[in-house]
Structures are given as C-alpha cells and as structure tokens.
Amino acid sequence: MATVELVDVTKIYENDVVAIRNANLKINDKEFVVLVGPSGCGKSTLLRMIAGLEEISSGDLFIDGQRVNDVPPKDRDIAMVFQNYALYPHMNVYDNMAFGLKLRKFPAAEIEKRVREAGEILGISEFLNRKPKALSGGQRQRVAIGRAIVRKPKVFLFDEPLSNLDAKLRVQMRIEINRLHKRLQSTMIYVTHDQVEAMTMGDKIVVLKDGVIQQIDTPMNLYNNPRNLFVAGFIGSPAMNFLQGELISERSLNFRTRGIQISLPPETARALEKTGIKEVILGIRPENIHDVKLTSDRNLSQPIDITIDVVEPIGNEMFLYFRAGDETLCMRTSPDKIYHSGEQIQVALDMDKMYFFNPETEERIA
C-alpha cells in the first residue's frame with residue numbers, strides 16, 4: 001500500500017476562486033482518513049486532486065514518496081468510489097467489476113479470480129449476472145466498491161459513497177467499509193459531510209472549512225479538544241452550545257451573559273486571566289448540562305433557571321431545548337424522567353467540560 005502527502009497544496013479556479021488553500025496533510029500507510037466539512041468546504045476537490053481529476057494550482061502531491069502532480073490518473077495506482085456508483089447500465093455486475101482489468105489487458109483467469117474474490121468479500125457473488133437496475137442501492141454500492149477492490153490499488157478514495165442510501169443502510173455500509181479496511185489493510189481516504197460518519201469510521205479526521213484545514217486529529221481528540229469555534233460546533237451531535245458573554249471580576253472571575261452569571265473555577269480563571277481577553281464565547285456540550293435535581297456530587301456551576309421550549313424523545317435519550325436568559329440551548333438527558341414544554345427547572349453546567357473561545361479569532365483560549 002502507500003502513503004499520501006500534500007505539501008502546501010492550493011487549488012484556484014477561474015475568477016480567483018480559492019477552493020483549497022495551502023493544505024498540508026500526511027496520510028500514513030494503511031491509515032483510514034476522513035475528510036469532513038460542510039458543503040463547499042473543498043473536501044471533494046482535495047480528493048479529486050489526489051485522484052488526478054483536478055489539476056493542482058500550486059504545491060506538491062506525493063504518493064508512496066513519488067511526486068505525482070503531473071502523473072495521469074490511470075498511472076497513480078488509485079481507485080475511486082463515487083457517490084452515484086458510476087456503473088455501466090448495459091453490463092452485468094461481473095463485467096462492471098472486470099471492466100478496468102480488461103482495459104489493462106489482465107489475463108482472463110486473473111480477472112475471474114479477482115472478481116470472484118471481491119464478490120465473496122462483499123457478499124455479492126449471487127448477483128454477478130444481474131444488471132445494475134436489478135440491484136438495490138446498497139448492492140450497487142457494493143459493486144462500485146468491488147470494482148475498486150479488484151484493481152488492488154495503492155490507495156482507495158471514497159467520495160461521499162453512502163449519501164444516496166437510507167439511514168439504516170448507511171449504518172450497515174459504514175460497518176462493512178470498516179471491516180473491508182481491516183481485511184485489506186489498505187490506505188483509504190474518505191470524504192463525507194456527515195460528522196457522525198466521520199467520527200465512526202476514521203483513524204484520523206481532517207476538518208475543512210472554506211478550503212482551509214482547521215484541525216487534523218483522532219475522532220475523540222477532535223471531540224474533546226477542538227482547536228477553534230468551527231471544529232467545536234461542527235463535531236458532535238447535537239452541536240455544542242455557545243454563549244457569548246464577558247469576564248468580570250467579583251471576588252472571583254465570573255462569566256456573564258444576559259440572564260446568566262457563572263463563577264469560574266480557580267484553574268480556569270487563572271488560564272483566562274493570563275490571556276487578558278474580556279469578551280469570550282463559552283462552549284458547553286448538551287450532555288454536560290444537568291438537571292440539578294437529578295445530579296450527584298459534581299463540579300457544577302450554580303443553578304440556572306430555565307424554561308423548556310421543546311422536548312425531543314429519541315428512544316434511549318432525550319433532547320431538551322430551552323431558554324436561559326436570552327439564549328437558546330440544548331441539553332441531552334435520560335428518558336427516565338418525563339419533561340414537558342413550558343416546564344421550568346434548574347440546570348447546572350459541568351465546570352470541567354466548559355470551553356472558551358476568542359470571539360475575534362475564534363481560536364480556543366481555555
């Protein structure tokens with residue numbers, strides 16, 4: 001298999017539209033890396049540059065140590081799985097999977113062996129004589145993946161391959177692609193806009209926004225240690241809550257926004273005071289807001305009076321959307337206690353799980 005490295009890679013389209021700006025990324029051999037971000041962030045453009053389907057405006061791309069900026073796609077030894085499957089409708093499954101090998105003039109016996117092996121791996125052996133129109137969406141996606149597997153490439157590229165599938169099938173295919181990665185021990189680069197997909201699949205996640213890499217990290221490090229406001233808000237479902245306010249000194253350091261005032265722990269206060277910043281954004285995840293009546297001893301803030309606006313039961317958990325002062329926040333809780341819209345309760349924030357950001361730079365400060 002292979003490593004993939006991007007060094008100061010930039011992509012500029014006509015009219016000076018910058019799709020990717022100074023991307024630096026090292027993908028190790030056998031690693032599963034997910035590129036994630038909202039629509040238009042440049043993740044598919046980055047993938048297509050690795051594939052050779054987009055020219056690199058500046059910078060260098062290396063595959064297995066070889067600079068490949070000017071190497072045609074067919075000579076890069078990569079295989080790409082597309083969102084829309086890209087199967088030939090007039091060919092059966094076997095011929096779709098074998099087509100690339102036939103173009104490369106592989107012996108018939110070797111083509112037969114590889115297609116049969118891929119069919120077994122993906123559980124589509126019984127469909128080899130069917131046309132794509134006779135297959136379900138999940139089966140077609142397996143065929144598209146099988147077509148990539150038979151090539152035995154150095155690198156697999158996936159461009160939002162599950163976005164056309166229903167929710168249940170997406171979960172199933174996520175598991176199958178993970179199993180496939182472990183079985184093939186191959187280098188895989190996977191693009192998605194779905195942060196849940198990214199968190200559950202990648203060894204390493206690359207978060208992009210407006211063509212700029214925001215953070216590269218493991219899933220849990222991204223979740224627990226976001227570098228900036230965008231990463232904090234994008235990773236996690238429901239999203240992190242944000243409160244814009246100010247730091248004031250009244251015996252101890254306090255965070256204050258309209259209707260809410262929180263006395264900060266000494267360690268947090270010292271870290272914030274060193275920055276000299278007075279205006280801050282406080283971030284808190286929904287699972288780190290607690291109903292005061294249901295909590296055991298924790299390092300919690302003083303109680304905050306809230307009014308519940310919306311209750312969303314999701315089976316094994318419940319989301320409460322509420323007003324606190326002038327702010328609307330989300331809280332994740334157990335379904336054991338029943339809540340109602342309009343109900344007034346007291347909640348508290350976990351003081352060990354608060355994040356602070358500079359509202360000007362949007363970088364995390366404590």
Qualifying residue for salt bridge (Lys or Arg N to Asp or Glu O under 4.0 Å) with E246, from R256, R258, K278
R256
Spell out, yes or no, whether L282 and I304 are grouped together once hydrophobic residues are joined by side-chain heavy atoms under 4.5 Å, including indirect joins.
yes
Can D8 and N24 be counted as having a side-chain donor-acceptor contact under 3.5 angstrom?
yes
Nearest 0.5 angstrom please: M97 CE to I145 CD1, how far?
10.5 Å
Atom CZ of R67: over 12 foreign heavy atoms under 6.0 Å
yes
Answer whether the closest heavy-atom distance between the side chains of V4 and I189 falls below 4.5 Å.
yes
Point-to-point distance, once rounded to the nearest 0.5 Å, from CG of L101 to CD of E110:
8.0 Å
Could you tell me whether E360 atom CD has more than 12 heavy atoms of other residues or ligands within 6.0 Å of it?
no
Should F242 and F357 be marked as a side chain to side chain contact (heavy atoms under 4.5 Å, CB included) after you check the CA-CA gap, both sets of side-chain angles, and the distance that decides it?
CA-CA 10 Å; F242 295 114; F357 303 90; 3.9 Å; yes
One thing to verify: whether R142 and E176 come together as a salt bridge, which I'm taking to mean a side-chain N less than 4.0 angstrom from a carboxylate O.
yes
Verify the cluster assignment for I149 and I111: are they in a single hydrophobic cluster under the rule of side-chain heavy atoms below 4.5 Å apart?
yes
Residue pair R364 / F356, side-chain heavy-atom distance below 4.5 Å:
no
Side-chain heavy atoms under 4.5 angstrom apart, residues restricted to Ile, Leu, Val, Met, Phe, Trp, Tyr: same cluster for V33 and V196?
no
Atom of P38, atom of L208 and distance for their closest heavy-atom approach:
CD-O, 3.6 Å
Does K337 count as lying over the ring of Y339, i.e. NZ or CZ under 6.0 Å from the six-ring centre, within 45 degrees of the axis?
yes
Not counting sequence neighbours, which residues clear side chain to side chain donor-acceptor pair (under 3.5 Å) with S39? List them please.
none
Short N-O contact, K11 and E54, less than 4.0 angstrom
yes
Kindly indicate whether the side chain of Q244, heavy atoms from C-beta on, has any atom under 4.5 Å from the side chain of T257.
no
Do the rings of F319 and Y321 sit parallel, tilted or perpendicular, given the 30° and 60° boundaries?
perpendicular
Minimum heavy-atom distance between I177 and F32, given as atom pair plus value:
CG2-CE1, 3.8 Å
Polar side-chain atom of N92 near backbone of D95 as donor-acceptor pair, under 3.5 Å:
yes
Look at the side chain of N241 and the backbone N and O of I284, then say whether any donor-acceptor pair between them is shorter than 3.5 Å.
yes
Minimum heavy-atom separation for C330 to F322, with atom names?
C-CE2, 4.3 Å
Working to the nearest 0.5 Å, report the span between CG of L180 and CD1 of I175.
13.5 Å
Student check: side-chain heavy atoms of R147 and L87 closer than 4.5 Å
yes
Minimum heavy-atom distance between P219 and M199, given as atom pair plus value
O-CE, 3.4 Å
Just by distance, do the side chain of Q172 and the backbone of G138 share a donor-acceptor pair under 3.5 Å?
no
Classify the ring geometry of H90 against Y88: parallel below 30°, tilted from 30° to 60°, perpendicular beyond 60°.
perpendicular
So does E31 get a backbone contact from the side chain of D203, meaning a donor-acceptor N/O pair under 3.5 Å?
no
Determine whether more than 12 heavy atoms belonging to other residues, nucleotides or ligands lie under 6.0 Å from atom CD of E363.
yes
Distance check, rounded to the nearest 0.5 Å: K26 atom NZ versus F62 atom CZ?
11.0 Å
Apply the test side chain to side chain contact (heavy atoms under 4.5 Å, CB included) to residues Q83 and D159: give CA-CA distance (whole Å), side-chain angles for both, the deciding distance (0.1 Å), then the verdict.
CA-CA 6 Å; Q83 177 180 351; D159 190 6; 5.6 Å; no
Are any side-chain N or O atoms of N299 and backbone N or O atoms of M351, one a donor and one an acceptor, separated by less than 3.5 Å?
no
Interatomic distance, L264 atom CG to I262 atom CD1 [nearest 0.5 angstrom]:
7.0 Å
Pairwise side-chain contact, L6 with L46, heavy-atom cut-off 4.5 Å (strictly under)
yes
Test item: M331 and D291 side chains (from C-beta on) under 4.5 Å apart, heavy atoms:
yes
Could you report the tightest heavy-atom contact between M318 and S334, atom names first, then the distance?
CB-O, 4.4 Å
Do I12 and V17 come within less than 4.5 Å of each other through their side chains, counting heavy atoms only?
no
So does D64 pair up with K154, basic N to acidic O under 4.0 Å?
yes
Which pairs would a plain distance check flag for residues 117-125, meaning a side-chain donor or acceptor within less than 3.5 Å of a matching protein atom at least two apart in sequence or in another chain?
| residue | atom | partner | partner atom | Å |
| --- | --- | --- | --- | --- |
| E117 | OE2 | K113 | NZ | 3.2 |
| E120 | OE2 | S125 | OG | 3.2 |
| S125 | OG | G119 | O | 3.4 |
| S125 | OG | E120 | N | 3.4 |

Given the ring of Y223, does R285 sit roughly above its face, with NZ or CZ under 6.0 Å from the centre of the six-membered ring and within 45° of the axis?
yes
Scan side-chain atoms only and decide if N22 and T10 contain a donor-acceptor pair under the 3.5 Å cut-off.
yes
Are Y190 and L157 side-chain neighbours, meaning at least one heavy-atom pair lies under 4.5 Å?
no
Between D77 (side chain) and V155 (backbone), is there a donor-acceptor pair under 3.5 Å?
no
With a sphere of 6.0 Å drawn around CD of E267, does it hold more than 12 non-hydrogen atoms of other residues, nucleotides or ligands?
no
For the residue pair Q215 and N228, confirm or rule out a side-chain donor-acceptor distance under 3.5 Å.
no
If you apply the rule side chain to side chain contact (heavy atoms under 4.5 Å, CB included), what do you find for M49 with L61, and how did you get there?
CA-CA 9 Å; M49 285 193 288; L61 170 65; 5.5 Å; no
Closest non-hydrogen atoms of I78 and P73, given as atom of the first, atom of the second and distance, are CG1-O, 4.4 Å
Taking atom NZ as the centre, does K102 end up with more than 12 heavy-atom neighbours from other residues, nucleotides or ligands that are less than 6.0 angstrom away?
yes
Counting distance only, does the side-chain N/O of N15 pair as donor-acceptor with the main-chain N or O of Y13 below 3.5 Å?
no
Given I27 and E5, is the side chain to side chain contact (heavy atoms under 4.5 Å, CB included) satisfied, shown in steps?
CA-CA 6 Å; I27 298 169; E5 186 172 8; over 6 Å; no
Main-chain N/O of P359 paired to E362 side chain as donor or acceptor, under 3.5 Å
no
Atom pair CD/CG of Q141 and N164 - distance to nearest 0.5 Å
8.0 Å
Quick check against the 3.5 Å criterion: does D75 have a side-chain atom that pairs as donor or acceptor with the backbone of V71?
no
Donor-acceptor pair, distance only, cut-off 3.5 Å: does the side chain of R140 make one with the backbone of L135?
yes
